[in-house]
Amino acid sequence: MLDRRSVLLSSAAAGAVALIGVPPLAAAETDAAKLNGLFDSFVDARLDRSPEEVTQLGLDKDARAAQKSLLDDRSLAGIASDRKRNADELAQLNAIDRNALTGMDAINYDVVHYGLATAVASASRHDYGGANAGIPYVVSNFGGAYQSIPDFLDSQHAIEIKADADAYLARLLAFATALDQEDEVIRHDAGVGAVPPDFVLSRTLSLIENLRRPKPELSTLVSSVARRAKEKDIDGDYAGDAMRIVAEKIYPALDRQMETLKSLQPKAVHDAGVWRLPNGEQYYKDSLTAWATTDRAPDDIHQTGLDLVADFTARIDALMKANDLTKGTVGERLRAMYDDPKFRYPNTDAGKEKLIADLNVKMAAVKTRLPQYFGVLPKADVVIKRIPKAIEEGQAGGYYQNPSLDGSRSGIYYINLRNTAEVPSWTLPTLTYHEAIPGHHLQGTIQLETNLPMIRKLSFFSAYIEGWALYAEQLADEMGLYENDPFGRIGYLHDAMFRAVRLVVDTGMHAKRWSREQAIKYYVHTLGDQEASAVTEVERYCVWPGQACSYMLGKLDFLRLRAKSKAELGSRFDIRGYHDAVLLCGAVPLATLDPVVDADIKAKA
């Protein structure tokens, strides 16, 4: 899972994208220049609006140095400003003559237009959940400042000199403001009928209490700045200053947020799906468009999931029988593999360090094979880290953060090691190939290192990005990375079936009105996963409707287009060329992949 908490330019308008065969016009150069000028202004406005993204990109210096002391505006006024800016930018983009653009200029236009048009359309229909569909609750067990900012300050906010440490303290103060801004939005959304389910409120309150529980001097918010300032020999009582801010500002703000959430509990129901929210059926359709860039009907997606589950179940069954695993259903046999001690690392700090060391060995093995499958490779490296202990509860099994644009920070693959029983050894290779290489790190870093306009370097479309990472899991098998590792291959097939289960469960809850318990039961029965893991996953789908569908729908498109390229190019087909074509275009809505691949086929025919 790529860690992109804010989804900007990720929504999508329905409709085909026609990029090929457009005749060049005399005014094309002028319109292209206008387009790129607009893109530059859009990026400047976006970065002005998001100091956190400025830091994530490594741009919080020179002219943007002051932003290193700020956090994003999470207020109702900020959301309204985002919506207005999206509408204004769409109007400016519509003034460009689309028919005068060719090649990559046309692709760039359509990608940006796709995102803006859908963001505007969704905002016109739904007055809750922020500026985009797909995240109906601004604070939940999977989102909110209480969760993102501690991680951001520790892993993204670099401290090299005194000004950086001072900026950290300024951001600590701003953290309290961000929490209060979210409270304002929570109350507004509840007022229009968007209240999270009761189990989401309970889990969220528990996670906030975990952050609030340590004495201020023991908070990671304090230790992070104190430790790093000391390492850089920076003068100042940063531990004392941070402790006072935590005690006097942040903890009271966390208390206020908990009170706000508790005030919603009498109104909360147990229904899991967004169908119960205002204009809920349309909200789910808009969420599928935002996350999966698709207008496919939920019933169709649900059936695709059921068909894939049946196929993967049969394949896993055959492989298990070939390895003397014969007793029980496939789910029961997978459960037995989860419970088998021979697949577990010790649940100790030493065991977890050994786990990460073993994954680094696998990463090194992947790198040696990449040139056989890719012409273009990332320059930035990737490192593996544990999800910080303070926030690992409630987080997914792993996620990835892109490197900074200036190359000062590597890509990071974070793995959740709260309990090594949740990540037996047979599941780890596939998770690593998904989050790092040839998955998110390879794709995301190539996108950042291309000569695309900045707005395209930053574009985020979950179906493309997560679809590529899921495709990369299968590619790892095709690259021979599971040779002599039948249990690792079972892990790969399990994870592929897991994404098919997501199609069933996500549409089940949000379109077919499944309960949370029905979804968990299906998940556990099919996959054999621990119920605790199933609960975490299912509750994630409750608060990010549609996102779970993006993985498999994206993968199916990458496979479909690869098959098309093979069929049409025959002996001229080169897997490296196909991968370069679909990666160098950057993240796009799925509909845009067809003309990209068509153009590549035409160029090589």
message: Heavy-atom count check: over 12 atoms from other residues, nucleotides or ligands less than 6.0 Å from Glu184 CD?
response: yes

- prompt: Any ion pair linking Asp271 and Arg516 (charged N to carboxylate O, less than 4.0 Å)?
  reply: no

message: Checking salt bridge (Lys or Arg N to Asp or Glu O under 4.0 Å) between Arg49 and each of Asp73, Asp82, Asp72, which is the one that passes?
response: Asp82

- prompt: Is a donor on one side and an acceptor on the other found under 3.5 Å between the side chain of Ser124 and the backbone of Ala121?
  reply: yes

message: Tell me whether Thr293 contacts the main-chain N or O of Leu590 through its side chain, where contact means a donor paired with an acceptor under 3.5 Å.
response: yes

message: When you measure from the side chain of Tyr283 to the backbone of Arg276, do you find a donor-acceptor pair of N or O atoms at a distance under 3.5 Å?
response: no

query: Taking the six-membered ring for Trp, are Tyr471 and Trp468 parallel (under 30°), tilted (30 to 60°) or perpendicular (over 60°)?
result: tilted

statement: Rounding to 0.5 Å, atoms OH (Tyr413) and CD1 (Ile387) come to a distance of 9.5 Å

task: Run through Leu417, Ile415, Val423 and flag the one making a side chain to side chain contact (heavy atoms under 4.5 Å, CB included) with Lys352.
output: Leu417

query: Among side-chain atoms of Arg540 and Thr536, is any donor-acceptor pair under 3.5 angstrom?
result: no

query: Between the side chains of Tyr522 and Gln518, is a donor N or O closer than 3.5 angstrom to an acceptor N or O?
result: no

message: I'd like to know if the side chain of Gln181 and the backbone of Arg74 have a donor-acceptor N/O pair within less than 3.5 Å.
response: yes

- request: Spell out, as yes or no, whether a donor-acceptor pair under 3.5 Å connects the side chain of Arg171 to the backbone of Lys68.
  value: yes

- prompt: Is a donor on one side and an acceptor on the other found under 3.5 Å between the side chain of Tyr523 and the backbone of Gly528?
  reply: no

- prompt: Does the ring pair (Phe, Tyr, Trp, His ring centres under 6.0 Å) test come out yes or no for His441 and Tyr400, once each step is laid out?
  reply: CA-CA 7 Å; His441 177 70; Tyr400 172 75; 5.7 Å; yes

task: With the side chain counted from C-beta on, respond yes when Glu52 and Gln156 share a heavy-atom pair under 4.5 Å apart, and no when they do not.
output: no

- prompt: Are any of the side-chain nitrogens in Glu473 or Lys555 under 4.0 Å away from the carboxylate oxygens of its partner?
  reply: no

- prompt: Quick one: does Glu217's side chain have a donor or acceptor within less than 3.5 Å of a partner on Met243's backbone?
  reply: no

Ser148 side chain vs Gly144 backbone, donor-acceptor pair below 3.5 Å: yes

